[in-house]
There are 2 protein chains.
Amino acid sequence: MMDEIICADCLEVLKSMPDKSVDLVLTDPPYGIDYQSAWRIDRAEWKPKIANDKEPCVAWIDDAARVLADGGSLLCFCRWDVEDAFKKAIEDADLVVRSQVIWDREGHGMGDLHAQFAPCHDIIWFATNGEYAFPGKRPESIVRSPRVGGLSLVHPNEKPIDLMRYLIGAVSNEGDTILDPFCGSGTTCVAAKILGRKYIGIEISPVYAEIARRRVEQAQYEEQLFR
Amino acid sequence: MMDEIICADCLEVLKSMPDKSVDLVLTDPPYGIDYQSAWRIDRAEWKPKIANDKEPCVAWIDDAARVLADGGSLLCFCRWDVEDAFKKAIEDADLVVRSQVIWDREGHGMGDLHAQFAPCHDIIWFATNGEYAFPGKRPESIVRSPRVGGLSLVHPNEKPIDLMRYLIGAVSNEGDTILDPFCGSGTTCVAAKILGRKYIGIEISPVYAEIARRRVEQAQYEEQLFR
DNA sequence: ACTACGGTTGAATCCTGAA
DNA sequence: GTTCAGGATTCAACCGTAG
């Protein structure tokens with residue numbers, strides 16, 4: 001189980017993984033927002049927190065902490081209105097939340113047009129399993145990286161490859177093993193591959209798992225071309 | 001009680017203020033981090049600690065919500081590791097938290113040099129009393145503004161005047177009444193004055209209250225010069 | 001005017017010893 | 001033990017001065 005995209009429920013896969021076998025968990029889990037509700041006609045009444053929302057998806061965090069090596073770290077994307085649920089789950093899994101990192105998307109989404117600041121940032125929680133030290137220069141708490149746009153978008157929540165490269169380079173070492181339990185179109189795995197890290201990607205949707213596999217292959221191929 | 005810097009405990013003053021008499025509360029309360037500014041052993045003088053900074057200062061929020069007019073709004077500074085305490089207090093006061101605004105300081109502080117992303121942002125909670133609409137163009141959730149530095153620094157946690165002007169301009173109308181229960185060196189009041197808003201500043205320290213009064217006077221004087 | 005350099009500082013945190 | 005306060009330490013950015 002290495003340098004592989006596994007098509008399965010990550011909760012099942014994580015259970016089968018050995019303790020302390022991963023150096024970095026970098027993932028963008030479902031935020032638990034019912035997107036449908038944002039499109040209600042009576043927009044004036046729409047609020048970020050809706051009572052009948054699905055729960056933020058945090059069940060994987062306990063096992064993610066278990067498979068994390070001593071001195072390993074976690075980077076978990078989320079959004080401001082659900083960040084506390086993720087932070088609490090990370091702390092409950094006995095990881096130390098060290099930083100709130102802001103991804104500056106440099107371009108806003110929609111949201112409530114009348115009463116909400118145009119959302120142009122996401123939160124990334126940075127947590128460590130015990131003692132930790134950056135491999136190189138200390139990164140800053142705001143990371144600027146333009147959002148993936150329009151035609152090149154494969155997955156609705158796709159993160160820019162440059163952002164993933166930056167984060168992986170900033171917090172992990174060459175040869176490290178990187179796990180993404182919600183790997184989607186595989187951006188984390190592609191960035192890991194390019195930077196000489198091992199990767200384990202898990203994706204429940206067969207369609208996206210297949211796309212992710214192809215994207216990693218393509219990256220490998222292109223990497224060889226440049227040698 | 002208008003266009004005035006009141007030197008007193010804001011909890012006392014707030015109690016004496018009438019309901020729904022303020023359009024915007026813009027403030028930077030003690031974060032509750034027991035902060036010692038620029039502590040240097042090699043200098044005989046050092047800046048005094050902030051009063052009441054042992055735990056997140058949220059007691060004022062209930063009364064701040066009461067004095068807020070319908071359709072009025074609140075902008076409250078805090079830091080990522082105490083933001084949930086402030087958010088909860090704001091929600092408990094029956095305000096609707098609409099946005100998490102990020103102040104990009106464009107320059108980092110210290111923090112844990114080995115395991116923490118260099119902190120270069122603060123949080124600003126934006127909440128409204130019921131229905132709300134921006135007076136003009138919808139602002140973005142990240143506000144960039146260079147930190148006030150060095151010699152021009154009057155208060156240890158002084159916010160840039162440009163940042164305050166931007167926020168006041170973005171969320172309030174001319175002629176509105178703006179309240180800052182922790183006005184410190186008076187930056188909020190100066191910005192309000194310049195932008196043609198009424199202001200009420202409250203500051204517990206006589207030293208800073210006097211500095212704030214002078215800064216507002218100075219701003220008034222300079223404003224007249226430009227006419 | 002521009003660069004090189006040293007001094008200063010920041011909404012810190014760690015360590016250590018005392019209470 | 002545990003908490004607490006004071007002194008120590010850290011680095012990148014910025015500022016002023018000198019070259």
Side-chain angles (χ1 to χ4, degrees), chain A residues 71 96-102 126-128 130-144 166 170-171, chain B residues 26-58 60 75-87 89 100-125 142-164 167 180-188 203-205 208:
Chain A
V96 185
V97 176
R98 303 276 189 176
S99 289
Q100 180 195 52
V101 182
I102 305 295
F126 174 66
T128 68
E131 297 283 314
Y132 174 86
F134 292 113
K137 188 168 167 273
R138 181 172 68 141
E140 293 201 340
S141 69
I142 298 191
V143 185
R144 295 169 196 94
Y166 176 77
V171 308
Chain B
L26 168 54
T27 196
D28 184 22
Y31 291 179
I33 55 178
D34 196 25
Y35 177 66
Q36 174 68 68
S37 165
W39 200 88
R40 289 283 184 284
I41 42 163
D42 50 331
R43 289 173 69 99
E45 31 115 7
W46 60 78
K47 287 157 190 160
K49 282 197 174 186
I50 303 159
N52 305 316
D53 193 30
K54 289 286 182 186
E55 48 192 74
C57 182
V58 298
W60 55 279
L75 282 166
C76 175
F77 281 79
C78 57
R79 205 174 64 173
W80 70 270
D81 54 338
V82 291
E83 64 175 337
D84 45 352
F86 285 96
K87 185 175 175 221
Q100 180 195 53
V101 182
I102 305 295
W103 171 35
D104 181 347
R105 280 190 253 133
E106 299 182 357
H108 57 76
M110 301 222 13
D112 180 337
L113 300 167
H114 300 294
Q116 189 185 37
F117 282 60
C120 64
H121 75 276
D122 280 7
I123 305 291
I124 310 166
W125 285 124
I142 297 192
V143 185
R144 298 183 67 173
S145 178
R147 197 186 51 179
V148 176
L151 298 175
S152 58
L153 200 73
V154 183
H155 191 279
N157 322 109
E158 193 173 324
K159 299 293 176 281
I161 183 81
D162 287 345
L163 174 63
M164 295 317 219
L167 292 172
D180 186 349
F182 302 91
C183 82
S185 56
T187 313
T188 302
E203 170 56 42
I204 198 165
S205 149
Y208 283 123

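The figures that follow rest on heavy atoms only: side chains count, while hydrogens, waters and symmetry mates do not. Chain naming here is simple, since letters A, B, ... match the order of the sequence lines and numbering starts at 1 in each. Predicted model, so just to flag it, every value in this text is computed and none were measured.
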Output all residues satisfying side-chain contact (heavy atoms from CB on, under 4.5 Å) with Glu140(A), sequence neighbours left out; order by chain, then residue number. His108(B), Ala118(B), Cys120(B)

To the nearest Å, give me how far apart [atom1] ([X]) and [atom2] ([N]) are.
X         : N       : atom1 : atom2 : value
Gln100(A) : dA11(C) : CD    : P     : 17 Å
His108(B) : dC14(D) : NE2   : C1'   : 11 Å
Asp34(B)  : dC4(D)  : CG    : C1'   : 10 Å
Met110(B) : dT9(D)  : CE    : C1'   : 7 Å
Tyr31(B)  : dG10(C) : OH    : C1'   : 13 Å
Ile142(A) : dA12(D) : CD1   : P     : 18 Å
Gln116(B) : dT10(D) : CD    : P     : 17 Å
Arg79(B)  : dG10(C) : CZ    : P     : 15 Å

Of the options dA11(C), dA12(D), dA12(C), whose atoms approach the side-chain atoms of Lys137(A) most closely? dA12(D)

Relative to the 5' end of DNA chain D, which residue comes earlier, Glu140(A) or His114(B), by the nucleotide with the nearest heavy atom? His114(B)

Starting at the 5' end of DNA chain D, which residue's closest nucleotide do you reach first, Glu106(B) or Gly109(B)? Gly109(B)

Please measure how far the [atom1] atom in [N] lies from the corresponding atom in [M], and state the result in whole Å.
N       : M       : atom1 : value
dT8(C)  : dT10(D) : C1'   : 14 Å
dA11(C) : dG7(D)  : P     : 22 Å
dA1(C)  : dA18(D) : C1'   : 14 Å

Flag, side chain of Ser99(A) to backbone of Val101(A), donor-acceptor distance under 3.5 Å: no

Contact class for Arg138(A) vs. all strands (heavy atom < 4.0 Å): base, sugar-phosphate, or nothing? nothing

At under 4.0 Å between heavy atoms, what does Pro146(B) touch on the DNA or RNA strands: base, sugar-phosphate, or nothing? nothing

Under 3.5 Å, which protein N or O atoms sit close to an N or O of nucleotides 14-16 of chain C? Give each pair with its distance.
from: dC14(C); atom 1: OP1; to: Asp112(B); atom 2: OD2; distance (Å): 3.4

dC4(D) OP1/OP2 closer than 4.0 Å to side-chain N/O of Lys54(B): no

Would you say dG10(C) has OP1 or OP2 under 4.0 Å from some side-chain N or O of Arg147(B)? no

Is it the case that more than 12 heavy atoms not belonging to Glu106(B) sit under 6.0 Å from its CD atom? yes

Asn52(B) CG: over 12 foreign heavy atoms closer than 6.0 Å: no

Not counting sequence neighbours, which residues clear salt bridge (charged side-chain N to carboxylate O under 4.0 Å, His left out) with Asp180(B)? List them please. none

Pairing pattern in dot-bracket form [Watson-Crick, G-U; both distances under 3.5 Å; | = partner strand] for DNA chain D: .||||||||.|||||||||

Going by the rule side-chain hydrogen bond (donor to acceptor under 3.5 Å, both in side chains), which residues pair with Asp104(B) if we only count those two or more places apart in sequence or in a different chain? Arg144(A)

Residue set satisfying side-chain hydrogen bond (donor to acceptor under 3.5 Å, both in side chains) with Arg138(A), at least two apart, ordered chain then number -> none

Quick one: side chain to side chain donor-acceptor pair (under 3.5 Å) pairs with a partner in residues 113-122 of chain B, sequence neighbours left out? Gln100(A)-His121(B), Ser141(A)-His121(B), Tyr31(B)-Asp122(B), Arg105(B)-Asp122(B)

Not counting sequence neighbours, which residues clear ring pair (Phe, Tyr, Trp, His ring centres under 6.0 Å) with Phe77(B)? List them please. none

Partner residues of Trp60(B) under the ring pair (Phe, Tyr, Trp, His ring centres under 6.0 Å) criterion, sequence neighbours left out: Phe182(B)

State whether the distance check finds a donor on one side and an acceptor on the other, under 3.5 Å, for side chain Asp28(B) versus base dA11(C). yes

